[in-house]
Each structure stands twice: as C-alpha cells, then as structure tokens.
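Residue indices begin at 1 and follow the sequence shown. Since we're looking at a predicted model, the values are computed, not measured. Note that these values count all heavy atoms, side chains included, but never hydrogens, waters or copies made by symmetry.
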Amino acid sequence: MMFFESIKLAFKSIWSHKARAILTMLGIIIGVSSVVLIMSLGEGIKKEVKDVILDFGSDYIYIIPGNIESMTAMSGSTDMTSASLSGNMSNPMSFVSSDIFKKEDVDEIKKIDGVQIVTPMSIVTGYLKLDDKIVSPMIMGVEPDIAKVFEGFDADSGRFIDQKDMDDKSHVIIISRAYADELFGKDNDAIGKKITLINQDKENEYEIIGITKKPETSSMFSAEMDTLALIPYTTAKNDYYDGKDQFFRLGAKAYEGQDIKMISQKIKDNLATRHEEKDYSVLTPEDMMGMLDNIMTLLTTFISAIAAISLVVGGVGIMNIMLVSVTERTREIGLRKAVGATNGVILLQFLIEAIILSVLGGLISLLFVQIGIEVIKHYTSLTPVITWQAVSMSLGVCIGIGLIFGLAPAIQASRKDPIDALRYE
C-alpha cells in the first residue's frame, strides 16, 4: 500500500513542476531516441540486405578476390602493424582485382564433385549513350549460365544472352528497366533498339536484347540491380581486354541436395593448391549474412555507445533536479518523519520519483522514435525495424538511470534530521 502511495505522490510532485520535469527528461529522451533509432536502422538495413541476398537464391557460391576473413579479423585487432608485417592482412586493392583468378581456376572448380555450374564475370568500364542521353551502369561481361546461378540475373522481357552470342562475340546487351525507361521512355519498347557503349577511346554499338528482371524486394540495396548492364563475356574479353581473361568474380552453383558448406570448403581447398597466398574468398549466402550481422552489430554498438553519452547527461540532470527537490521539500520530509515515516519510506519516495522521471522520458522517446521511423521511410528507401529487444533494453536502461542517479538524492532526503527539517525555512 505504501508503495502505491509513493507512486501517487511522485506523479503529483512531477505534475506540479511540469516544465522542470520535461527539461529534466530531455537528456533521457534524446539519448534513448538516438540509441533505439540507430538500432532500428541497423535492423532495417540487415533485413533489407538479407532479402537481397536471398533474392539471388540459396544454393550459390560467390568467389571473389581478396581475403575477407583476414580483413574482418583485423577489424577486431589492435595490432595492425604486426599483422601487416606477418602477411596476414589482405591488401584492400585485391578486392577489386581482375587478375587473381585464371582460366585454370574455373576449369578445375568445374571438376569438383557436387559443383553444377561455374561462371566468370568481368567488369567493363564505360557508359551507355543514346543521342544526347547518357547513363552509367555497372557493365558486366557474363556467360549464359549466370542466370542459372544467380536468380536475380534474368531477363524479364526479351531474351537472355545465349551460347550463340558467346560464340559470335555478339554486340548485344541487356539493360535494366530503369535505364530502358530513362533512355527510351516508359511507353517505348527498348528491345531491338541500338545503343552505344563508350569505353575510353572505343565506341561500339550494341543491340538491346533483354530487360533485366526487377528484384522481388524493393529497397535501397535491391535497387542496385537496376544499375546493371550485361554483355557476353567473350565480347568483353575480345573488345576490352585484348583477348585476355579478366575474372572480376566467379559464381558457382551446387547440385540440388548438396551440402553448400561442404562444396564451399572443397572450392577453398581446390583454390589453395594453385594460390600460394589466400588472396580469395569463397562465400555462401549464409557466410554473407553472418558477415553482415557482425559488421552491422559492430557499427550499431559503436554508434549507440556514442549516443548513450546523452543518457549519462540525462541521468546527471535527474540527480541535480532531485537534489533541488529534496531541498525544496525539506519541511515536508520533517513533517512526514514527525508523524512516523521511516528513513526507508522517505528513501523509497524519492527513488520512485527519480525512476518515474526516467521511465517517462523513455516512453516519450519511443514516440519520437516512431515519428523518426515514419520520416525516414517517407524520405528514403530504408525501412527501420524497431524490435522488442530495443524497447525492453531502453526501458531497462531508464529504470537503471533512475536508480543510479536518484539514489544519492534519496539517501540525502532519508538522512535528514526531523527537527532540523521542521525548522528549515
């Protein structure tokens, strides 16, 4: 009964000083809002990227230059110099290299039991031009099998690159719906039209044979698929690489029913026989999602820790105001002690008031978080995801702040001598 009476008195005290209470809660509101919104953004980004990864399928293996494992390991290491000297640190430039993988790598990986398809990808620098209109997609040289490896690489209209295009080194191209609309207009069919690919001093005319399939998920990350343009790998090799193989990435697919992790390990072991240094990474969708989780958790934690500084400021504000409240209510404390209130009852009264101030600030902050999420969703392609873990953690932190920063004023109030308190003017 005494506990509920203390809560009632706490609300009465807060209500009687509304403006002061709001200013006191401001630090808590800013701190909790910042932390929860950052966590929600992190969850939203993770969800969207995972959706994009799953759009490509679940049985593919992505083989890229550069040792991602060493780079991610170094992100948690403080001894950057010794790692670099020992050769364990991967060169960041290796991630964009196109001369690490060779034709032999592709041929040998194809022989691995359980591997159904291996297909290379190359990158062609340049842009596309139609009359006075210019677009700058990521132009990739690909083989027909890429559509069987990555589900996102497919023609929504027209056709995809076929073996005849490869054999003839045809000047055909597949562009995204976004670029087709930008260059030819939404009401015009781009299939069969000609477009110029400009690469430094080279200009080649290409026939548009297909429009890429739009991603099933809609987000700022899946929108990257709308920036692709695809030409036959043999055309890219012949026209832009002087007939030499340039493998920017390799895509592989396992047979149905195969253990994707086991096939991934076989590919790693196979590559290790021809590469003295581990200058490559072999990734499954699970690996990529795991890395994403690690990176986003690290970033979210780091930024949240910075934002949490305002929580400490808010806690100090609560402590200061509660100390002022103790001084203002000295006679009240004396009267309550005179009629039998114990030190414990007085301590509980002021402690509950501090906790309520903090929790009210936390609840108000959640309202601001919801407003912030709606604003972000309206003006960007991001969709923040607020979780119960974030909500429960924020309220737990608020209770903790109330306890920690309200304890000193509560103890001061409980220790006041009733005679001196009654004489206080």
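Checking side-chain atoms of Lys253 against main-chain N and O of Lys148 turns up a donor-acceptor pair under 3.5 Å. No donor-acceptor pair closer than 3.5 Å links the side chain of Asn270 to the backbone N or O of Ile267. At distances below 3.5 Å, at least one donor-acceptor pair connects side-chain atoms of Thr330 with backbone N or O atoms of Thr327. No donor-acceptor pair under 3.5 Å is formed between the side chain of Asp131 and the backbone N or O of Lys133. No donor-acceptor pair closer than 3.5 Å links the side chain of Ser264 to the backbone N or O of Ile260. A distance-only check finds no donor-acceptor pair linking the side chain of Asn343 to the backbone of Arg415 [under 3.5 Å]. Remark: side-chain polar atoms of Ser325 are not paired, donor with acceptor, to backbone N or O of Ile321 under 3.5 angstrom. Lys110 places no side-chain N or O within donor-acceptor distance of the main-chain N or O of Thr119, the cut-off being under 3.5 Å. Checking side-chain atoms of Lys337 against main-chain N and O of Lys416 turns up a donor-acceptor pair under 3.5 Å. In this structure, the side chain of Asp105 engages the main chain of Lys102 through a donor-acceptor pair within 3.5 Å.
Here the NZ-CG distance, from Lys129 to Leu183, works out to 12.0 Å after rounding to the nearest 0.5 Å.
Counting non-hydrogen atoms of neighbouring residues, nucleotides and ligands closer than 6.0 angstrom, the CD atom of Gln265 exceeds 12 such neighbours. Counting non-hydrogen atoms of other residues, nucleotides and ligands closer than 6.0 Å to NZ of Lys261 gives a total above 12. Lys18 NZ: more than 12 foreign heavy atoms inside a 6.0 Å radius.
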May I have the step-by-step check of side chain to side chain contact (heavy atoms under 4.5 Å, CB included) for Glu182 and Tyr179, ending in yes or no?
CA-CA 5 Å; Glu182 185 175 343; Tyr179 284 138; 3.9 Å; yes
Can you give me every donor-acceptor pair (side chain of residues 364-373, partner residue at least two apart or in another chain, under 3.5 Å) with its distance?
residue : atom : partner : partner atom : Å
Ser365  : OG   : Gly362  : O            : 2.4
Gln370  : NE2  : Glu374  : OE2          : 3.2

